[in-house]
There are 2 protein chains.
Amino acid sequence: MFSKTAEYALRATIYIAQKSSEDNKLGIEEIAKSIDAPRSFTAKILQLLTKDNEVISSVRGPNGGFYITEKAKGLSIRTILETIKEDDVFTKCVLGLKACSEAQPCPMHFQYKPIKQQLIRLFETKTIRDLAKELKTGERFLANFRPRKKTRVTK
Amino acid sequence: MFSKTAEYALRATIYIAQKSSEDNKLGIEEIAKSIDAPRSFTAKILQLLTKDNEVISSVRGPNGGFYITEKAKGLSIRTILETIKEDDVFTKCVLGLKACSEAQPCPMHFQYKPIKQQLIRLFETKTIRDLAKELKTGERFLANFRPRKKTRVTK
DNA sequence: ATAAATAAAGACAATTTTATCTTTATTTAT
DNA sequence: ATAAATAAAGATAAAATTGTCTTTATTTAT
Ligand code: FES
Ligand code: FES
């Protein structure tokens with residue numbers, strides 16, 4: 001569905017939203033590890049999202065790092081995707097026609113359309129804050145669980 | 001949503017299903033042109049689908065070409081996607097976790113799940129024949145329409 | 001002022017996807 | 001049998017995506 005860039009962007013944003021605040025900024029090291037993504041690549045992606053501090057905010061120097069404002073937490077998932085130019089799902093045809101339109105529909109169009117609308121609705125209505133809250137329940141994951149060989153039993 | 005490979009595979013298959021028969025086989029040239037895809041790349045993709053004549057059938061030599069049997073027209077879109085190993089949409093997590101599972105759901109999982117199920121249902125129930133029929137109505141497209149500069153008006 | 005900590009920027013590299021070109025094998029018609 | 005037409009196979013190349021490394025700029029603490 002999404003590129004690696006988009007996946008890391010979403011996971012990182014949700015992680016930052018859940019864990020950070022203006023006076024508890026997170027370093028790239030911690031973020032990348034927590035979402036199980038390559039460090040430098042994640043840094044590059046965050047650079048896109050920190051442009052003008054629009055989605056994610058950052059400051060350099062000691063005690064610097066990434067955080068996200070309460071205001072930005074109200075942004076939709078769609079906003080994140082658009083910021084990183086991953087908006088295919090909103091515009092493209094499922095069979096790859098340049099545009100998805102009723103004027104020149106592909107053979108799947110009318111069956112796909114209602115599903116696409118739900119996807120759009122989902123990404124438009126869900127905010128960063130919503131997803132961070134889900135994560136906070138502790139029963140949601142942003143990285144692959146590494147199962148232990150055995151359950152450690154202490155005597 | 002899908003790779004170029006998948007898009008071309010689907011468009012080509014639908015085109016072949018609508019236009020060909022066992023005694024009216026189609027050449028790669030015509031197919032590629034009709035679906036607006038690169039010729040040699042399309043040929044490569046058709047090689048995947050003609051493996052064992054499972055989805056698409058082919059014969060070489062004069063009057064050779066590609067066609068699809070009535071039986072194969074009953075195959076689902078999912079079968080095409082699986083044949084070319086494009087089955088992410090059926091298995092992967094929307095945020096990129098290795099697996100989409102209730103055991104370790106991502107923060108979008110429970111919202112995305114019902115939509116995903118509709119996608120799966122769509123690709124599983126729609127057959128090649130269904131889509132070929134849609135195309136036959138003449139009001140569906142497999143290539144981008146090239147608009148004319150002006151509407152030609154004959155006196 | 002200086003040093004240290006941090007993200008930003010930029011250059012580079014590896015991998016995957018997309019695309020093309022050439023050669024080979026198969027089939028048909030003559 | 002031969003030639004022609006076609007897809008299959010294989011080699012290569014271009015482009016895009018993913019990933020890494022090095023240098024620079026900024027901020028803070030001393
Ligand atoms: S035209 Fe293909 S999905 Fe709308
Ligand atoms: S776990 Fe992410 S969509 Fe199911």
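Throughout, protein chains are lettered first and strands after them, A, B, ... in sequence-line order, and every chain is numbered starting at 1.
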Rounded to whole Å, please give me the gap between CD1 in I28(B) and P in dA5(D). 18 Å
Carefully, step by step, assess F123(B) and M108(A) under the rule side chain to side chain contact (heavy atoms under 4.5 Å, CB included). CA-CA 10 Å; F123(B) 295 129; M108(A) 293 214 69; 3.9 Å; yes
State plainly whether the residues K33(B) and E30(B) are in salt-bridge range, i.e. N to O under 4.0 Å. no
Flag, side chain of R11(A) to backbone of I35(A), donor-acceptor distance under 3.5 Å: yes
Strictly distance-based, threshold 3.5 Å: is any side-chain N or O of E86(B) a donor or acceptor partner for the main-chain N or O of S3(B)? yes
Could you give me the CA-CA distance, side-chain angles and deciding distance for H109(B) and E102(B), then say whether side chain to side chain contact (heavy atoms under 4.5 Å, CB included) is met? CA-CA 8 Å; H109(B) 178 82; E102(B) 226 104 305; 2.7 Å; yes
Without decimals, in angstroms, what is the distance between I56(A) CD1 and dT6(C) P? 18 Å
Give the rounded distance in Å between these two atoms: NZ of K85(A) and C1' of dT17(D). 15 Å
In this structure, how many angstroms lie between the P atom of dT6(D) and the CD atom of E30(B), rounded? 11 Å
One pair to check against side chain to side chain contact (heavy atoms under 4.5 Å, CB included): T13(A) and I16(A). What are the steps and the verdict? CA-CA 5 Å; T13(A) 304; I16(A) 294 168; 5.9 Å; no
Are the side chain of S20(A) and the backbone of A17(A) linked by a donor-acceptor contact shorter than 3.5 Å? no
Contact list (N/O, under 3.5 angstrom) for nucleotides 25-30 of chain C vs protein:
{"unit_1": "dT26(C)", "atom_1": "O4'", "unit_2": "R60(B)", "atom_2": "NE", "d": "3.4"}

Between dG19(D) atom C1' and E7(A) atom CD, what is the distance in whole Å? 15 Å
Rounding to an integer number of Å, can you tell me how far R11(A) CZ sits from dT18(D) C1'? 14 Å
Does L122(B) offer a backbone N or O that forms a donor-acceptor pair with the side chain of Q111(A) under 3.5 Å? no
Taking any heavy-atom pair under 4.0 Å as a contact, classify I45(B): base, sugar-phosphate, or nothing. nothing
Less than 4.0 angstrom from a charged side-chain N to a carboxylate O is my criterion; do K73(B) and E70(B) meet it? yes
Any donor-acceptor N/O pair, K25(B) side chain to S57(B) backbone, under 3.5 Å: no
From CZ of F66(A) across to C1' of dT6(C) the rounded distance in Å is 9 Å
Could you walk me through whether C100(A) and V94(A) pass the side chain to side chain contact (heavy atoms under 4.5 Å, CB included) test, one step at a time? CA-CA 8 Å; C100(A) 170; V94(A) 72; over 6 Å; no
note: I68(A), atom CD1; dA7(C), atom P; distance rounded to Å ~ 16 Å
Report the secondary structure of DNA chain C in dot-bracket form, marking unpaired bases with a dot and bases paired to a different strand with |, and treating Watson-Crick or G-U pairs with both distances under 3.5 Å as paired. ||||||||||||||||||||||||||||||
Would you say Y8(B) and P38(B) make side-chain contact, with heavy atoms under 4.5 Å? yes
Tell me if the side-chain of Q47(A) makes a donor-acceptor pair with the base of dA9(C), cut-off 3.5 Å, by modelled atom types. yes
Quick one: which protein N/O atoms are closer than 3.5 Å to N/O atoms of nucleotides 16-22 of chain C? Pair and distance per line, please.
{"unit_1": "dT18(C)", "atom_1": "OP1", "unit_2": "K4(B)", "atom_2": "N", "d": "3.0"}
{"unit_1": "dT18(C)", "atom_1": "OP2", "unit_2": "T5(B)", "atom_2": "OG1", "d": "3.2"}
{"unit_1": "dA19(C)", "atom_1": "OP2", "unit_2": "Y8(B)", "atom_2": "OH", "d": "3.1"}

Answer with base, sugar-phosphate or nothing: what part of the nucleic acid does L46(B) contact at a heavy-atom distance below 4.0 Å? nothing
Does a side-chain N or O of T50(A) approach OP1 or OP2 of dA7(C) to a distance below 4.0 Å, or not? no
